[in-house]
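Report on the structure given below.
Being a predicted model, the structure only gives us computed values, none of them experimental. Only this structure's heavy atoms are used, side chains among them; waters, hydrogens and symmetry mates stay out.
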Amino acid sequence: MSENVVHLHKATDGPASRPVPLWVRSGHAVKHAVMHERTRSVGRAVVRHGLYTFNGGRIVARRAWDGRTGARYERMIRAAEAAGNLEAAEEWEERLSRFRAARHHRRMDLLHSPVDAAKGVAVGAGMSVGVLVALGVVMAISTGQVTDVVTPLSATIDFIALLIRIVQIVWGPAVTIGPFLALLALWAVGRQQQAAPHWALPANVRSGEGEPITPSIVVKALRDLGIPALRNAIKEMGDAGASMLGPITIAGCGVEVDVTLPSGVSTIEVQNRRRKLAENLTRHEHEVFITIPQAARTVRLWIADSGALDEPIGPSPLVTDETLTADYAKGKAPWGQDLRGDAAALSLYQRHLLITGLSNQGKTAALRALALWLALDRTVEFRIADLKGAGDWAMFDGLATVLIQGPTDDHVIEATEMIEDGVAEMERRLQAPPGTAFPPLILLVDEAQVAFMCPLVDADKRPYGGSKATSRYFMAARKIHNQGRAVNVLLWQGTQDPTDQNLPKLVREGAHTRASLALGTESQARMALGDKAVDGGAAPNLLRPGLDKGTVVVASDGIAIPAGQSSITVRTHYIDTDTATEVAERAKRMRDGVTTLRVIDRGEERDPLADIHSVFGESPRLVTQDVLKRLTALNEDAYGRWTFADLRRVLDGTGAEPYKSDGRMVVARERLTRALANRDTDGSASAS
């Protein structure tokens, strides 16, 4: 303490003195901050009370003007005309006519009122004097005093003189105090109406946390959006803008109201001012959602209760109900809750799926929740490629027939071949007899952007990644999108930060169900959900990264979306990895047992063309399915998962390509022999 005191004394010695200690400087800073806050508080109070009085006078003057003129009726007529309600406009016009007629009658009466008043005063005075004199006569007869005749008249004159004296005494102070009383009355009117800027209001009024949404609050928020046409229209409306609003209804953890905008105001102008509208409603931006219903020139506002969206929504039915099962064709996955608090369920039947969002926003958890529900349908087959490889899908070991986990280029090759196998299976199903029933096959690729960005090319110089017609992953995904749903071969993809490079347009538009978590920009939102959804109010780019984890904006016909809207916001149930493993174990117990292929084994180096030739024996030609079966018998490790696409890839360009005979695709041994001979001579045929 003594050292600090010494420092304090030396601080005043001169330029070369030691600096003022920290605790002294901190004290000055605190004092300055306190004084600054006091100054601002006083300034706000002065402005607030001054504007209370001034705007109170405006309110009283407008009320007086409305009472004396037909301005109120005219505003109501304009409001009814703007709303297209001609019947109401005619009714208000009739009321205005009656008001004007009554006012004209009163004004005509005023022309004759001075004469009538004078006559009335004269007659009244004469009668009063006569009554007083008669009363005096009666008193004189009773008392015998003649002077009592004027006693009542004299008393009346004295009383009038007393009243005049009282008025003379009170008039001076009344003239002095009257203006102050009038200002006080105007201040009271302004204070009751909170007629001051928001920043000047008291702190408890400015915060508005939890303030209930009323019609006046909504209209005021719209009026202060900074749209001149909207502000002027509200001022001209006789009902102060109330006719713009539909009923305010409770909707989950908030309220919902439709606003019919006046002529000259577009819905996009209101959408573009979402943050300002939220602040005018004393809400945060993420607590106000603006959508476009079917009605023309109308916006639908959903306004959350303060802080309601930051509360968890509760566990998934997959966790709480151990008897829950799934039905691919008729059921819906319990995914979460919409903003109204109602259960949000998604149909997965014959719908390709795309879910995207920024990293670490809950994309994998949201996608995995759907897969876990569908796994409870024992007829569904999963083939999964997790190109992140962090173990998020490890619980599907024993559920999925293929499980690829890893971020390397080799894993991308395996994922690509998995999708191509799905294409071959799709083509086999498409060639099956009409009416054949096919079990669902889900091809799921998490972190699909890794596949699209893969730089590798195969032996035929075909790239695995990219979006060209030669790109293997891209073309396989496109083929499944084009025809897969008809035979229950579906592609689910999860990806980060959508761009044209890591999520080509043709692939993202091929998904029937498109969902997005928080994104960075509106352009990304359009890539994720499409222009129609974003133009209709979908705004995943306005979700808060890190705070709105698991909240998705969904555009799909597989989920119940309010009429007139193109998307719906869903707060998904979070199922952690341990709990997901328990749900997966339940799904495994429902099945007979699934052998999961973790790595697609390419086998030892072999000569596929020679092996194909060897399986013919003495047969001049074989059906392609028989060729595949014999190759599997020859070497199951190398050819056990071969499809028609693999067979055709080896034979293309050799002169021994499969051809159709009697309606079936066959391969000729003679052509194979010639192809081998040509290859041995000039090496033109390629062994894959």
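- D446 has no carboxylate O lying under 4.0 Å from a charged side-chain N of R368, or vice versa, which leaves the two without a salt bridge.
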- Task: Take N280 and K220 through the test side-chain contact (heavy atoms from CB on, under 4.5 Å) and record every step on the way to the result.
- Result: CA-CA 8 Å; N280 290 348; K220 186 178 180 182; over 6 Å; no
- Worked verdict on L490 versus R485 for side-chain contact (heavy atoms from CB on, under 4.5 Å): CA-CA 6 Å; L490 304 178; R485 66 182 299 270; 4.1 Å; yes
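- Looking at R300 and F289, their side chains never come closer than 4.5 Å, going by heavy atoms from C-beta outward.
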- Derivation of the side-chain contact (heavy atoms from CB on, under 4.5 Å) call for K332 and Y349: CA-CA 9 Å; K332 290 188 175 183; Y349 178 64; over 6 Å; no
- Show your reasoning for whether side-chain contact (heavy atoms from CB on, under 4.5 Å) applies to L543 and V553. CA-CA 9 Å; L543 295 174; V553 182; 4.2 Å; yes
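- The CG atom of L358 sits 8.0 Å away from atom OG of S516, with the distance rounded to the nearest 0.5 Å.
- No side-chain heavy atom of H573 sits under 4.5 Å from any side-chain heavy atom of L318.
- At a threshold of 4.0 Å, the pair E509-R514 does not count as salt-bridged, since none of the basic side-chain nitrogens sits closer than that to a carboxylate oxygen.
- Contact of the L277 side chain with the L301 side chain is registered, since non-hydrogen atoms from C-beta on lie closer than 4.5 Å.
- Remark: the T298 side chain and the D258 side chain contain no N/O donor-acceptor pair separated by less than 3.5 Å.
- More than 12 heavy atoms of other residues, nucleotides or ligands shown are found within 6.0 angstrom of CZ on R103.
- Dense packing is recorded around CG of L547, with more than 12 heavy atoms of other residues, nucleotides or ligands lying under 6.0 Å away.
- In this structure, CD on Q496 lies 8.0 Å from OG1 on T356, to the nearest 0.5 angstrom.
- Judged by distance alone, the side chains of Q449 and T495 do bring a donor and an acceptor atom under 3.5 Å apart.
- Considering only heavy atoms from C-beta on, W373 stays 4.5 Å or farther from L346 through its side chain.
- No salt bridge links D224 with K276; every basic N to acidic carboxylate O contact stays at or beyond 4.0 Å.
- For the pair L444 and L367, the minimum side-chain heavy-atom distance is below 4.5 Å.
- From I292, atom CD1 reaches atom OG1 of T267 across 4.0 Å, with rounding to the nearest 0.5 Å.
- In this structure, the side chain of R98 does not engage the main chain of L96 through any donor-acceptor pair within 3.5 Å.
- Taking CZ from R508 and CG from L503, the interatomic distance works out to 6.0 Å, rounded to the nearest 0.5 Å.
- P540 is not listed as a side-chain neighbour of L517, based on a closest heavy-atom distance of 4.5 Å or more.
- The shortest distance between side-chain heavy atoms of N541 and Q524 does not fall below 4.5 Å.
- Atom CD of Q337 is separated from atom CD1 of I313 by 4.5 Å, given to the nearest 0.5 angstrom.
- At distances below 3.5 Å, at least one donor-acceptor pair connects side-chain atoms of W335 with backbone N or O atoms of A366.
- No side-chain heavy atom of V259 sits less than 4.5 Å from a side-chain heavy atom of V219.
- Each of V265, I234, V257 was evaluated against M244; a single residue qualifies, I234, per the side chain to side chain contact (heavy atoms under 4.5 Å, CB included) test.
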